[in-house]
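Reading through the structure tokens given below for one structure.
What's counted below: heavy atoms across the whole structure, side chains too, no hydrogens, waters or symmetry copies.
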Amino acid sequence: MESFLIKGGVPLHGEVENSGSKNAALPIMAAALLTNEPCVIRRVPDLSDTRFMVQILESLGATAHFEGGTLTVRAKKIRGYADYELVRKMRGSICIAGPLLARLHKARISLPGGCIIGARPINLHLKGFESLGAQIKIKGGYVDATAKKLSGATMFLGGRAGSTVLGTANVMMAAVLADGVTVIESAACEPEVVDLADFLCAMGAKISGAGSPTITITGVDKLHGAEHEVIPDRIEAATFAIAAAATDGEITIRGARADHLRAVIDKLNEAGVSVEKRGANLMVRRKGKLKPSDVTTLPYSGFPTDVQAQMTALFTLAPGISIITERIFESRFMHVSELARLGADIEIEGPSAIVKGGRPLSGAPVMASDLRASAALVIAGLAAKGATQVNRIYHLDRGYERMDAKLRKLGARIQRVEEK
Ligand code: EPZ
């Protein structure tokens, strides 16, 4: 297993390319199952998660060629069954259910199971499928969804924490070939949902309202192949912006979308960090001392839960009290005890982390637990005095394309080493 060895204390400087979005690419790759014609998807980040999705598409019978960020996939003849061994590796694979149900009127998918950041049930996905007329059976750890035919319906897809991103994506994909009109209320408004809708429309689907809480889909008989370029990864951009702020550096993030990052930019400004749009790029630098602030994670356009851990790491460096409240996932503070190993002072009170910031961090060996918690540990390691070893970086490789190489290009002293 690999680790990152980081020698901290170097301000990041220079330019970094913003990769394509993992969370947009995964459902878009699944959407290619909706047609038997070829689809070409560009700017797909090279990650273990996207490579898993390619394996899943191939296990269903599709042909796929993934090279240099471009995926060409053709689902000429497919089957409706995805087994546990593949699905268990990546929760996001649940988003093949909608396309299979739409195209084959049957889908047998392994239930994703628990996750370290929360229970993450799929009840809303299944509720949406049932509203379209599917019968759902759960047996032996599998979901069996079947339908004689799918008919458009109006449904409310809000849950305990508000809207669901992949639930909205899955139901939207199930509805594009249904008879009649589907209206999804309390739909997720994330840019990744909009990007999926754009791809589906390029395939011939009829969708309006994506990006708003009410999405309307008018079913069509057939979809055709299409070409699409995936949006930039706003979570990767936010992660690099926070790394620059934590090291008191100055960087340019090439190809990042400021309009997808409003809540993050707003909170960074409050913390004393300037984020300026320069053409298609973002320029990030600190304006003097970091300041404490409060953050609450919410569905889009609120502050993204996928940036919570990184922001928590930043606040350990801001003198004073910061409060971070996690409203989306029940147990997304795994990074807190590891940050404490670097000398951070953080207390958990219910859904909030109370950070007493300003004490300098010092390097130590730490353990990655999930994708975004690992990014927080890398940021803290870059800011800490001395050496930090971040173990189990396979978590990072799931969602960050060549993170160590990109950071080295910005001057960081980081190496990928075999874990001892
Ligand atoms: C997507 O997960 C992202 N993953 C997550 O990013 C992200 O954290 C999350 O959206 C929220 O923004 C991908 O896009 C692949 P949800 P998703 O359904 O769709 C509850 C990362 O780090 N819920 O919007 O699975 C759920 O438990 C990952 O890149 C139900 O109760 O998240 C959670 O509390 C981590 N029933 C809340 O809704 C359901 O049927 C939001 O989850 C579905 C969800």
Side-chain angles (χ1 to χ4, degrees), residues 2-12 116-117 238-249 267-268 270-273 284 286 288-295 307-326 331-393 395-396 400 403-404 407 410-417 419-420:
E2 293 181 318
S3 309
F4 279 161
L5 192 54
I6 304 169
K7 295 215 176 72
V10 179
L12 300 183
I116 200 165
I117 65 176
T239 303
F240 278 102
I242 293 171
T247 59
D248 198 5
K267 281 297 163 189
L268 284 175
E270 267 181 34
V273 182
V284 184
R286 254 193 18 216
K289 264 191 178 226
L290 285 172
K291 286 178 267 175
S293 175
D294 300 340
V295 163
V307 183
Q308 179 261 97
Q310 300 91 315
M311 209 64 180
T312 305
L314 184 69
F315 285 139
T316 66
L317 305 163
I321 306 286
S322 300
I323 301 178
I324 294 104
T325 303
E326 175 57 56
S331 50
R332 201 168 202 180
F333 284 127
M334 299 297 288
H335 44 286
V336 166
S337 49
E338 295 301 309
L339 287 172
R341 291 178 48 74
L342 299 171
D345 182 350
I346 308 173
E347 267 175 53
I348 303 291
E349 288 277 340
S352 300
I354 298 158
V355 182
K356 297 192 186 96
R359 194 196 291 171
L361 301 179
S362 56
V366 289
M367 189 69 75
S369 55
D370 63 84
L371 171 56
R372 308 304 173 183
S374 338
L377 299 181
V378 170
I379 290 169
L382 292 168
K385 204 161 173 307
T388 294
Q389 177 149 345
V390 182
N391 295 315
R392 298 192 183 165
I393 51 166
H395 290 290
L396 270 165
Y400 291 95
M403 184 187 231
D404 50 326
L407 285 170
L410 295 171
R413 293 180 294 185
I414 180 169
Q415 281 178 291
R416 184 181 285 261
V417 295
E419 216 170 276
K420 291 209 180 61

| remark: Taken to the nearest 0.5 Å, the spacing of Arg341 CZ from Thr388 OG1 works out to 10.0 Å

| field | Sequence neighbours excluded, every pair satisfying salt bridge (Lys or Arg N to Asp or Glu O under 4.0 Å) that has a member inside residues 238-249 | value | Asp248-Arg286

| query | Say you draw a straight line from OG1 of Thr247 to CG of Leu410; how long is it, rounded to the nearest 0.5 Å? | reply | 8.5 Å

| query | With sequence neighbours left out, what residues match Glu338 under side-chain hydrogen bond (donor to acceptor under 3.5 Å, both in side chains)? | reply | none

| note | Between the CZ atom in Phe4 and the CD atom in Gln415, the distance rounded to the nearest 0.5 Å is 11.0 Å

| request: Under the side-chain hydrogen bond (donor to acceptor under 3.5 Å, both in side chains) rule, collect the residues that match up with Ser369, sequence neighbours excluded. | output: none

| query | Ignoring hydrogens and geometry, is there a side-chain-to-backbone donor-acceptor pair from Ser331 to Ile116 under 3.5 Å? | reply | yes

| query | Is the backbone N or O of Gly8 less than 3.5 Å from a side-chain atom of Arg413, with the two atoms forming a donor-acceptor pair by type? | reply | yes

| Val390 to Ala368 - nearest heavy-atom pair and separation | CG1-CB, 4.3 Å

| said: Return the CD1 to CG distance between Ile323 and Asp294, rounded to the nearest 0.5 Å. | reply: 5.0 Å

Identify every side-chain donor-acceptor pair in residues 348-363 under 3.5 Å, counting partners at least two apart or on other chains, and give the distances.
{"unit_1": "Ser352", "atom_1": "OG", "unit_2": "Thr325", "atom_2": "OG1", "d": "2.7"}
{"unit_1": "Lys356", "atom_1": "NZ", "unit_2": "Glu347", "atom_2": "OE2", "d": "3.2"}
{"unit_1": "Arg359", "atom_1": "NH1", "unit_2": "Gly343", "atom_2": "O", "d": "3.0"}

| field | Pairwise side chain to side chain donor-acceptor pair (under 3.5 Å) hits with a residue in residues 315-324, at least two apart | value | none

| field | Derivation of the side-chain contact (heavy atoms from CB on, under 4.5 Å) call for Phe315 and Val295 | value | CA-CA 10 Å; Phe315 285 139; Val295 163; 3.9 Å; yes

| task | Supply the atom-to-atom distance Leu314 CG to Ile324 CD1, rounded to the nearest 0.5 angstrom. | result | 9.0 Å

| query | Taking only residues two or more places apart in sequence, or in another chain, which ones meet Arg332 in a salt bridge (Lys or Arg N to Asp or Glu O under 4.0 Å)? | reply | Asp306

| remark: Correct closest heavy-atom pair for Ala412 and Leu12 would be CB-CD2, 3.8 Å

| query | At what distance, to the nearest 0.5 angstrom, does CE of Met311 lie from CZ of Arg372? | reply | 15.5 Å

| request: For residues Pro292 and Pro319, report the shortest heavy-atom separation together with the two atoms involved. | output: CD-O, 3.2 Å

Which side-chain N or O atoms in residues 373-382 pair as donor and acceptor under 3.5 Å with protein atoms at least two apart or in another chain?
{"unit_1": "Ser374", "atom_1": "OG", "unit_2": "Asp370", "atom_2": "O", "d": "2.4"}
{"unit_1": "Ser374", "atom_1": "OG", "unit_2": "Leu371", "atom_2": "O", "d": "3.2"}

| said: Test of understanding: with side-chain hydrogen bond (donor to acceptor under 3.5 Å, both in side chains), list the residues that count as partners of Thr239, not counting sequence neighbours. | reply: Gln310, Tyr400

| field | Partners meeting side-chain hydrogen bond (donor to acceptor under 3.5 Å, both in side chains) with Glu270 (sequence neighbours left out) | value | Lys267, Ser293

